[in-house]
Trainee: 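For reference, the structure I am asking about is given below.
Here the structure is a predicted model, which is why all the values come from computation and not from measurement. Both ligands and their constituent atoms are indexed starting at 1 by order of listing.
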Amino acid sequence: MPLYADIIVNITASALDRTFQYLVPEEMKASVRPGCRVDIPFGARTVSGYVVGLGCVPLIDPARIKPILGFAPKGIALEDRAMELAAWMRERYGCTMNQALLTVLPAKKAVRKGKTKVASPAAEEPALIPPVALNEGQQLAVSAIEEEMAGQNRPVLLHGITGSGKTEVYMAVMEKVMAAGKQVILLIPEISLTYQNVRRFTGRFGARIGLIHSRQSQGEKYETVEKARKGELSLVIGPRSALFTPFPDLGLIVIDEEHDESYFSETAPRYHSTEVARKLAQLTGAGLILGSATPSLDSYFKAKSGAFRLVTLENRAVQNSHLPRVEVVDLRREMKEGNKSIFSRSLQSKMEERLARKEQIILFLNRRGFAGFVSCRSCGKPLVCPHCDVSLTLHRGAQLKCHYCGYQIPAPETCPSCGSPYIAAFGTGTQKVEGLIGKMFPGAKVLRMDADTTKGKEGHSRILSVFARGGADILLGTQMIVKGHDFPRVSLVGILAADISLYREDYRAAEQTFALLTQAAGRAGRGEIPGEVVIQTYQPDHYAVETASRQDYEAFYREEIERRGLLHYPPAGGMLEVLVSGRDEKENIAFTESLAASVRKHFAEQDAVVIGPAAPFRNKVQDIYRQSLIIKHPDRELLLKIAALIREEGKSRVQSDLY
Ligand code: ADP
Ligand code: ZN
Ligand code: ZN
């Protein structure tokens, strides 16, 4: 059977819909792949192009389709690199070559001259204090990183407690990379892309910095990308898309707050930035630093196994600054003793003290994963699946269901653990809390930061800078306030409901809770005023809450990795999560069952565990029904093959994530 290749001759995003079909000669059939560079006859000339797709259906009269001449030698390094990365993403994330290329290639769009202005923070601000001298721990970290980069060049996991001065370490390494004439990409979560943070870099490296962020126009982005391509920039800072900056001689990639969920792409290709960064570092020989106070379990697991190099910072950087004192308050006891307010007595009195002393307070309302879970207000226990250890969620018809395995029970009227009738879905919004603060502390100035108040053009950065300048006493917000911000005058952090994020229908709920609590607590006492933290919770004994209150990552990791192992969850084993959609609910369930059956049949010998179909919490979105399948196996390569089979049979109805 003849095989045809779709080929692009010019790699820019806009050229993607201009592919040309060529015949693959017999001797190339076995080795041709999307991403390959080939020579083709083009008009009267011979040019090089890249294969982006393969198929057996001719789009024009087969007699008029010309054959490929042969494989071309490696071409312009940057283009080859983009192609290779795209081809790898296509395999790894099961997207099309076009989707991968659209992600990897910069959007090409003309900039209307005079219309765009690229913000230059350095110009508007007074000069910074000269750079700080690194302390001993930081110096050791820098030399360990440089040693690794000069040697094996494994990815470095920089694990440093909150406020330990990781940013200074990055900057010291960056400086040397830039001095050698190479360029640097720094990824930070979009939410941390504030004036305050960026200024530290512009202050140090001046004008050779480019910023990429979601509020830019396509034209502004393109201008930055073009400058980078020409080597006019030395550092680009941005969220995950900045990873694809086409630097000619990339020397270093830094991913700050590497555990952050914004590094997972939600649209196809559903890639994970750390993985892509690893691949890119491999292709370019660049170094890779992943930094966090609360590394993802996956990265720490790799560091323990030697795949990553572990470098640690154990102390706070500012002299006389120490980790805050943490008090855990049991909300069950508060209720028993007659306090039904959402502020425990201890938090109330500590807030009064701070307000009187004109120190600042952060109140963190944990709202993550706030969806349908049910817990007991008397004993604090959530209702969880006995098989999967994730929380059950309340569906219509008062059924509690497990999103992983489909286990289901009618919602009980009393708590199965303690018999209390106070069992319900839990919830308070930030607005309501703001009202309560107003009543309780009438003199206090409160800034609220949540999805509603950050919608505008300036969004969160305006709120954060007002607070940083001392324009309010209390900053009240959701998880967006915990990320990497540095407020030296904050001496009290109150966490209103620590355990809510434990109830997510996700095997990573404890990991995310530990990270949120540790990061939130880490906002206190970053300057010289000692910090204090109050963690309010219904589950003071839960290991995620307990270890976070001690900021003890190691202890959390040990407990969590053991639990994951028992239930065959990653990182020890691989897990493939598949979401199947359809317009007809019954048909969709049957279709998902047929996919499961097909996997069982084709992979019977490999013992892959197929769980489901089951209904996810949002099992109906815009009239489309959804079912999920979970497949576990220690070998991720095998899971990739299973994913390919499912895609082949399920086409655009399936979406899969491999963990
Ligand atoms: P992290 O990113 O680890 O949370 P940062 O890099 O933001 O920590 O540093 C926390 C604070 O400590 C910042 O205000 C920073 O300016 C300060 N800092 C960092 N290193 C030093 C140092 N060697 N000496 C004095 N202050 C430092
Ligand atoms: Zn109970
Ligand atoms: Zn289950």
Trainee: Which of the atoms in ligand 1, numbered in the order shown and given with their element, are less than 4.0 Å from a heavy-atom of Ala317?
Mentor: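 This gives 12 (O), 18 (N), 19 (C), 20 (N), 21 (C), 27 (C) as the contact atoms.
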Trainee: Do any heavy atoms of Gly163 fall under 4.0 Å from ligand 1?
Mentor: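 Yes, Gly163 has a heavy atom closer than 4.0 Å to ligand 1.
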Trainee: For the residue pair Val534 and Ser344, what are the closest heavy atoms and their distance?
Mentor: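 In this case the closest contact between Val534 and Ser344 is CG1-OG, 4.3 Å.
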Trainee: Please list, in chain and residue-number order, the protein N/O/S atoms closer than 2.8 Å to the Zn ion (ligand 3).
Mentor: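 Metal shell, protein only: Cys385 SG, Cys388 SG, Cys402 SG, Cys405 SG.
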Trainee: Please say whether the positively charged group of Arg200, taken as NZ for Lys or CZ for Arg, lies over the ring of Tyr170, i.e. under 6.0 angstrom from the six-membered ring centre and within 45 degrees of the axis.
Mentor: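 The answer is no; the distance or angle limit is not met.
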Trainee: Can you label the angle between the Phe556 ring and the Phe514 ring as parallel, tilted or perpendicular, going by 30° and 60°?
Mentor: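 Ring orientation, 0 to 90° scale: parallel.
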Trainee: For Gln519 and Thr294, test the side chains for any donor-to-acceptor distance below 3.5 angstrom and give the result as yes or no.
Mentor: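 Note: Gln519 and Thr294 side chains meet the donor-acceptor criterion.
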Trainee: Please indicate whether any nitrogen or oxygen in Thr162 is less than 3.5 Å from any nitrogen or oxygen in ligand 1.
Mentor: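 So ligand 1 has no N or O lying under 3.5 Å from an N or O of Thr162.
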Trainee: Whether the side chain of Gln138 engages the backbone of Gly165 through a donor-acceptor N/O pair (distance < 3.5 Å, no angle test) should be reported.
Mentor: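 Present.
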Trainee: Step by step, work out the salt bridge (Lys or Arg N to Asp or Glu O under 4.0 Å) result for Arg564 and Glu511.
Mentor: CA-CA 11 Å; Arg564 297 271 182 101; Glu511 176 181 352; 2.8 Å; yes
Trainee: Between Ser299 and Glu258, is the side chain to side chain donor-acceptor pair (under 3.5 Å) condition met? List the steps.
Mentor: CA-CA 9 Å; Ser299 293; Glu258 68 89 30; 2.8 Å; yes
Trainee: Which is it for Leu134 and ligand 1 at heavy atoms under 4.0 Å: side chain, backbone, both or neither?
Mentor: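 Backbone only.
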Trainee: Let me have the donor-acceptor pairs involving side chains of residues 569-581, under 3.5 Å, with sequence neighbours excluded, atom names and distances please.
Mentor:
residue	atom	partner	partner atom	Å
Tyr569	OH	Cys388	O	3.0
Glu577	OE2	His403	NE2	3.2

Trainee: Go through ligand 1 atom by atom and flag the ones less than 4.0 Å from a non-hydrogen atom of Asn135.
Mentor: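 Numbered from 1, ligand 1 contributes 23 (N).
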Trainee: Examine the proximity of ligand 1 to Val132 and report which part, side chain or backbone, both or neither, has a heavy atom under 4.0 Å away.
Mentor: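 Side chain only.
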Trainee: Is any NZ, NE, NH1 or NH2 atom of the basic residue among Glu554 and Lys304 found under 4.0 Å from an Asp or Glu carboxylate oxygen of the other?
Mentor: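 Yes, charged N to carboxylate O under 4.0 Å.
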Trainee: With Thr547, which residues qualify under side-chain hydrogen bond (donor to acceptor under 3.5 Å, both in side chains), at least two apart?
Mentor: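 Thr547: no side-chain hydrogen bond (donor to acceptor under 3.5 Å, both in side chains) contacts found.
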Trainee: Could you see which bit of Ala133 sits under 4.0 Å from ligand 1, with heavy atoms only: side chain, backbone, both or neither?
Mentor: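 The answer is the backbone.
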Trainee: For Gly165, counting its heavy atoms only, list the atoms of ligand 1 lying under 4.0 Å from any of them.
Mentor: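 Counting from 1, the qualifying ligand atoms are 1 (P), 3 (O), 5 (P), 6 (O), 8 (O), 9 (O), 19 (C).
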Trainee: Are any of the side-chain nitrogens in Arg332 or Glu337 under 4.0 Å away from the carboxylate oxygens of its partner?
Mentor: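 Answer for the salt bridge query: no.
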Trainee: Verify the distance criterion only: is there a donor paired with an acceptor across the side chains of Tyr263 and Glu257 at less than 3.5 Å?
Mentor: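 No, Glu257 and Tyr263 have no side-chain donor paired with an acceptor closer than 3.5 Å.
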Trainee: Have a look at ligand 1 and work out which part of Gln138, if any, has a heavy atom under 4.0 Å from it: side chain, backbone, both or neither.
Mentor: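 Only the side chain of Gln138 comes within reach of ligand 1.
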Trainee: Closer than 2.8 Å to the Zn ion (ligand 2), what protein N/O/S atoms do you find?
Mentor: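 Cys376 SG, Cys379 SG, Cys415 SG, Cys418 SG, with waters left out.
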Trainee: Does the distance from a Lys or Arg side-chain N to an Asp or Glu carboxylate O, for Glu359 and Arg489, drop under 4.0 Å?
Mentor: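 No salt bridge links Glu359 with Arg489.
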Trainee: So for Arg200, does at least one of its heavy atoms come nearer than 4.0 angstrom to any atom of ligand 1?
Mentor: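 Right, Arg200 reaches ligand 1.
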